[in-house]
Amino acid sequence: MSAIHGAVATGTGTSRTRDTGPAAAATLDYGLSQRALIAVSGRTDAVAELITRRLAALAHSGLTALDEPTVRAVVRQAVRDVRTAPPPPPADPPADPLVAAGRQLTDDLLASRYAIGELMLEVAPAYLSDTEAATGVLALLCEQIGEPLEHGLAARRYAMSGDRRALHGRGL
């Protein structure tokens with residue numbers, strides 16, 4: 001959160017968020033879940049840079065006032081973009097092209113599982129247990145998209161936690 005607050009304070013120029021002082025900026029509710037914050041905690045530099053760049057572009061365009069709802073929307077979109085972006089490639093890519101292709105395939109599969117998990121979360125929010133989600137509309141959705149229910153639930157758990165182990169044995 002401190003990286004996000006710093007980016008907002010830097011990028012907003014003369015917005016209400018900055019004019020009211022650092023204490024008020026710290027109390028601005030961005031509408032981010034704890035899950036979202038945990039998911040980007042390892043990439044705070046990327047989130048902060050994206051927020052700063054987007055707020056500066058909005059400030060220079062003059063088309064949108066940098067009020068609290070606008071700043072909140074920019075922050076939420078930046079966090080979402082960083083969460084859904086694939087992780088950066090390893091510093092030293094493998095010399096074997098087969099290993100590199102396997103890693104790329106795994107990353108693509110994980111990205112698609114995450115996207116399916118977010119779709120499942122839109123239908124069955126995180127506050128529902130797996131049992132409640134499965135007996136509700138999630139079973140219907142899985143049937144409509146041709147996804148086994150167990151795989152849909154695993155993808156939902158993966159989207160909630162960001163932990164690849166949620167997919168173990170279920171579609172990956």
Of all the heavy-atom pairs spanning [X] and [Y], show the shortest one and how long it is.
{"X": "Ala133", "Y": "Ala124", "result": "CB-CB, 3.6 Å"}
{"X": "Thr44", "Y": "Ala3", "result": "CB-CB, 3.9 Å"}
{"X": "Gly117", "Y": "Ala159", "result": "C-CB, 3.5 Å"}
{"X": "Leu153", "Y": "Ala134", "result": "CD1-CB, 4.1 Å"}

Do you reckon [X] sits in the same ILVMFWY cluster as [Y], going by side-chain contacts under 4.5 Å, direct or chained?
{"X": "Leu119", "Y": "Leu167", "answer": "no"}
{"X": "Val82", "Y": "Ile51", "answer": "yes"}
{"X": "Leu128", "Y": "Met120", "answer": "no"}

* Asked: Between Arg113 and Glu147, is there a salt bridge with N-O shorter than 4.0 Å?
  -> yes
* Run through the side-chain heavy atoms of Ile, Leu, Val, Met, Phe, Trp and Tyr, join any pair under 4.5 Å, and report what else lands in Ile38's cluster. => none
* Share the residues that join Leu121 in a hydrophobic cluster, the rule being Ile, Leu, Val, Met, Phe, Trp or Tyr side chains under 4.5 Å apart at the heavy-atom level. => Met160
* **Inter- and intrachain pairs under salt bridge (charged side-chain N to carboxylate O under 4.0 Å, His left out), touching residues 123-132, at least two apart** => Asp130-Arg156, Asp130-Arg157
Check residues 136-145 and write down every donor-acceptor pair under 3.5 Å in which the side-chain atom is one partner and the other belongs to a residue at least two apart or another chain.
none

* Asked: Quick one: CG on Leu50 to CG on Asp45, what's the gap to the nearest 0.5 Å?
  -> 12.5 Å
* **Inter-residue atom distance Arg53.CZ - Glu49.CD, 0.5 Å rounding** => 4.0 Å
* Asked: Can you name the residues that form a side-chain contact (heavy atoms from CB on, under 4.5 Å) with Gln77, not counting sequence neighbours?
  -> Arg54, Arg80, Asp81
* Taking it one step at a time, do Ile4 and Leu32 satisfy side-chain contact (heavy atoms from CB on, under 4.5 Å)? -> CA-CA 11 Å; Ile4 292 172; Leu32 298 171; 3.8 Å; yes
* Can you run down the ring-ring contact (aromatic ring centres under 6.0 Å, His included) pairs that involve residues 94-145, sequence neighbours left out, and say none if there aren't any? => Tyr114-Tyr158
